[in-house]
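Position 1 is the first residue of the sequence, and the numbers go up from there.
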Amino acid sequence: MNALPAHTAPGPKTAGVFIIDDSAVMRHLLAVVLGQDPAIEVIGTAADPLLALNRMNRRWPDVIVLDIEMPRMDGITFLKRLMAERPTPVVICSALSARGAATTIEALASGAVAVVSKPAGLGAAEADSEGAMELLRAVKAASTARMSSLHHRPARPPALAPPMPLPAGSLVAAAISRVVAIGASTGGPLALESVLSALPPEAPGILIVQHMPAGFTAPFAERLNRNCAIEVREACDGDRVMPGLALIAPGGRHLQLRRCTTHYAVQVVDGPPVNRHRPSVDVLFRSVAACAGRGALGILMTGMGDDGARGLAEMRCSGAATVAQDEATSTVYGMPREAVALNAAERVLPLGELAAAITAHVR
């Protein structure tokens, strides 16, 4: 098998994209969708990774759109080889089957920067669908990805010291003091795993919005749960926010915090996309600002666009502690940059310091 070619500089204006999928119909449809955007140039397609490697030697792409299940070499094997020899932004375009979703999460853990669902139908109308627009956004975000950020791994912080005692009967204050809200998008799955896996079991209760299609968040949560000392699961409506538990918003639904008499719980609700996303980081952050105020910590991580920036600003105005991930360790420095521009972040921290910021969030 030939070695991967040496790096050459990408084109200055358009993102060169290569599509790898064993379905000729799907390759054509994806090329049509991506060809709508003048900032994207489809430079080639192939039915499997071995054919793709030969064709990509002529011009190495800025982004690869990759299927998982293919003949001769599966997508996971190709992805791991690619990340070891020549890291290149990869967008996984996967089916929504249970098996496909679990394998896609493995791909994200192996270095893919984003995942989108394969179009549900095949036809001209599909090129203008919400799924098509999501593919375009994912590829454009991936074209700006900083692959070196994938190597930033935080060290596991020491266990939390016992918190200072609160006034008698102050159960609500105890809950307020231990609410952490996190938002992430492109590059977020691997970054979140780095942070959550570094937390001790007694870490504050955590709510997470990771931009991800419906059907993928449950296996994503299951993977994190296997690799973390805290419990991680996909949120269900009414789940209680507790220390040592991280709840991830289900794909396709919004996640909000609500205040009960003696504790906090979550609401999982339907509703239109906010900032083009469902779940939306802004929806979560605004609910945390309204319910938890100065007892909360908000963290906005890697991702394209501005979702979460205004919500983080509302959290800061409510007295919450707020943090944005820094540029050097962000795969895509979009959402955190917007938060910094709005003066929404009290602190800007590298990925390796976010776990320590979470464990320190005890009053």
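- Pro71 and Asp48 get closest at one heavy-atom pair: O-CB, 3.5 Å.
- Side chains of Asp21 and Val65 form no contact here, defined as non-hydrogen atoms less than 4.5 Å apart.
- Rounding to the nearest 0.5 angstrom, the gap separating the CZ atom in Phe18 from the CG atom in Leu66 is 11.0 Å.
- Under the 3.5 Å distance criterion, the side-chain polar atoms of Tyr333 are left unmatched by any main-chain donor or acceptor of Ala145.
- In this structure, the side chain of Glu346 engages the main chain of Thr322 through a donor-acceptor pair within 3.5 Å.
- When atom types are taken as modelled, the side chain of His361 and the backbone of Gly295 share a donor-acceptor pair closer than 3.5 angstrom.
- Both Met26 and Ile19 are part of a single hydrophobic cluster, where members link through side-chain heavy atoms under 4.5 Å apart.
- With respect to Glu85 and Arg81, a salt bridge is recorded, a charged nitrogen being found less than 4.0 Å from a carboxylate O.
- Atom-to-atom distance recorded for His28:NE2 and Thr45:OG1 is 11.0 Å, nearest 0.5 angstrom.
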message = What verdict does the side chain to side chain contact (heavy atoms under 4.5 Å, CB included) test give for Ile208 and Leu196, after you've listed the backbone C-alpha separation in whole Å, the side-chain angles of each residue and the deciding distance to 0.1 Å?
response = CA-CA 11 Å; Ile208 299 170; Leu196 298 184; 3.7 Å; yes

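- Checked for salt-bridge contact, Glu231 and Arg233 meet the test: a charged N lies under 4.0 Å from a carboxylate O.
- Inspection of the Asp307 and His211 side chains reveals an N or O donor paired with an N or O acceptor under 3.5 Å.
- You'll find the side chain of Lys140 reaches within 4.5 Å of the side chain of Asp37, heavy atoms only.
- In this structure, CZ on Arg86 lies 11.5 Å from CE on Met147, to the nearest 0.5 angstrom.
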ask   = Step by step, would you call Thr104 with Ser94 a side chain to side chain donor-acceptor pair (under 3.5 Å)?
value = CA-CA 7 Å; Thr104 297; Ser94 177; 2.7 Å; yes

request  = Apply salt bridge (Lys or Arg N to Asp or Glu O under 4.0 Å) to Arg278 and Asp270, showing your working.
outcome  = CA-CA 9 Å; Arg278 186 177 56 232; Asp270 295 316; over 6 Å; no

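- Between Thr331 and Arg146, every side-chain heavy-atom pair lies at or beyond the 4.5 Å cut-off.
- Residues Pro61 and Val17 form no side-chain contact, since every pair of their non-hydrogen atoms from C-beta on lies 4.5 Å or further apart.
- Thr359 places a side-chain N or O within 3.5 Å of a backbone atom of Ala356 that can act as its donor or acceptor partner.
- Once rounded to the nearest 0.5 Å, the distance linking OG of Ser287 with CD of Glu314 reads 10.0 Å.
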task = Determine, stepwise, if the pair Thr302 / Gln325 fulfils side chain to side chain donor-acceptor pair (under 3.5 Å).
result = CA-CA 7 Å; Thr302 175; Gln325 186 177 347; 5.2 Å; no

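- Salt bridge Arg27/Asp22: absent, no basic N to carboxylate O contact under 4.0 Å.
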task = Start with the C-alpha distance between Gln256 and Val266, add both sets of side-chain angles, then the distance that settles side chain to side chain contact (heavy atoms under 4.5 Å, CB included), and finish with yes or no.
result = CA-CA 6 Å; Gln256 297 176 312; Val266 297; over 6 Å; no

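- For Glu41 and Arg59, the salt-bridge test passes: some basic side-chain N is under 4.0 Å from an acidic carboxylate O.
- No donor-acceptor pair under 3.5 Å is formed between the side chain of Asp62 and the backbone N or O of Ser143.
- Panel note: side chain Arg294, backbone Ser318; no donor-acceptor pair is recorded below 3.5 Å.
- Shortest non-hydrogen contact noted between Leu255 and Ala249 is CB-CB, 3.6 Å.
- Note that CG of Leu50 and CZ of Phe78 are 9.0 Å apart. Values are rounded to the nearest 0.5 Å.
- At a threshold of 4.5 Å between side-chain heavy atoms, the hydrophobic network of Ile, Leu, Val, Met, Phe, Trp and Tyr places Met83 and Met70 in one connected group.
- Smallest separation of non-hydrogen atoms from Ala339 and Ala309: N-CB, 3.7 Å.
- Using a distance-only test at 3.5 Å, with no hydrogens or angles considered, no donor-acceptor pair links the side chain of Asp74 to the main chain of Glu69.
- Cluster membership check: Ile105 shares its hydrophobic cluster with Leu224, using side-chain heavy-atom separations under 4.5 Å among Ile, Leu, Val, Met, Phe, Trp and Tyr.
- Two residues are said to be in side-chain contact when any heavy atoms from C-beta on lie closer than 4.5 Å; Arg316 and Asn343 meet this criterion.
- Going from atom CD1 of Ile43 over to atom CZ of Arg58 covers 10.5 Å, rounded to the nearest 0.5 Å.
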ask   = Hey, mind stepping through Glu193 and Asn227 against side chain to side chain donor-acceptor pair (under 3.5 Å) and telling me if it holds?
value = CA-CA 8 Å; Glu193 183 171 350; Asn227 295 329; 3.2 Å; yes

request  = Assess whether side chain to side chain contact (heavy atoms under 4.5 Å, CB included) is satisfied between Leu245 and Ile206, documenting all intermediate values.
outcome  = CA-CA 6 Å; Leu245 173 65; Ile206 301 171; over 6 Å; no

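- Residues Leu297 and Leu349 share a hydrophobic cluster, clusters being chains of Ile/Leu/Val/Met/Phe/Trp/Tyr side chains in contact below 4.5 Å.
- Residues Val113 and Val90 have side chains not in contact (no heavy-atom distance under 4.5 Å, counting atoms from C-beta outward).
- Closest heavy-atom contact between Ile92 and Ala112: CG1-CB, 3.6 Å.
- Side-chain contact between Ile40 and Gln36 is absent, with no heavy atoms from C-beta onward closer than 4.5 Å.
- Cluster membership for Leu284 and Val268, using ILVMFWY side-chain heavy atoms within less than 4.5 angstrom, is shared.
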key: Full working for side chain to side chain contact (heavy atoms under 4.5 Å, CB included) between Leu108 and Met212   = CA-CA 11 Å; Leu108 288 169; Met212 190 175 284; 3.9 Å; yes

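- Scanning all heavy atoms of the two residues, the minimum distance from Ala142 to Val91 falls at CB-CG2, 3.7 Å.
- A donor-acceptor contact shorter than 3.5 Å is absent between the side chain of Ser280 and the backbone of Arg276.
- A donor-acceptor pair under 3.5 Å links the side-chain atoms of Thr217 to the main chain of Gly251, judged by distance alone.
- With Arg258 contributing its side chain and Tyr264 its backbone, the two residues share no donor-acceptor pair below 3.5 Å.
- Using a 4.0 Å cut-off between a side-chain N of Lys or Arg and a carboxylate O of Asp or Glu, Lys80 and Glu106 qualify as a salt bridge.
- Side-chain contact between Arg137 and Met304 is absent, with no heavy-atom pair separated by less than 4.5 Å.
- Across every non-hydrogen atom of Ser117 and Phe216, the tightest pair is OG-CE1, 3.7 Å.
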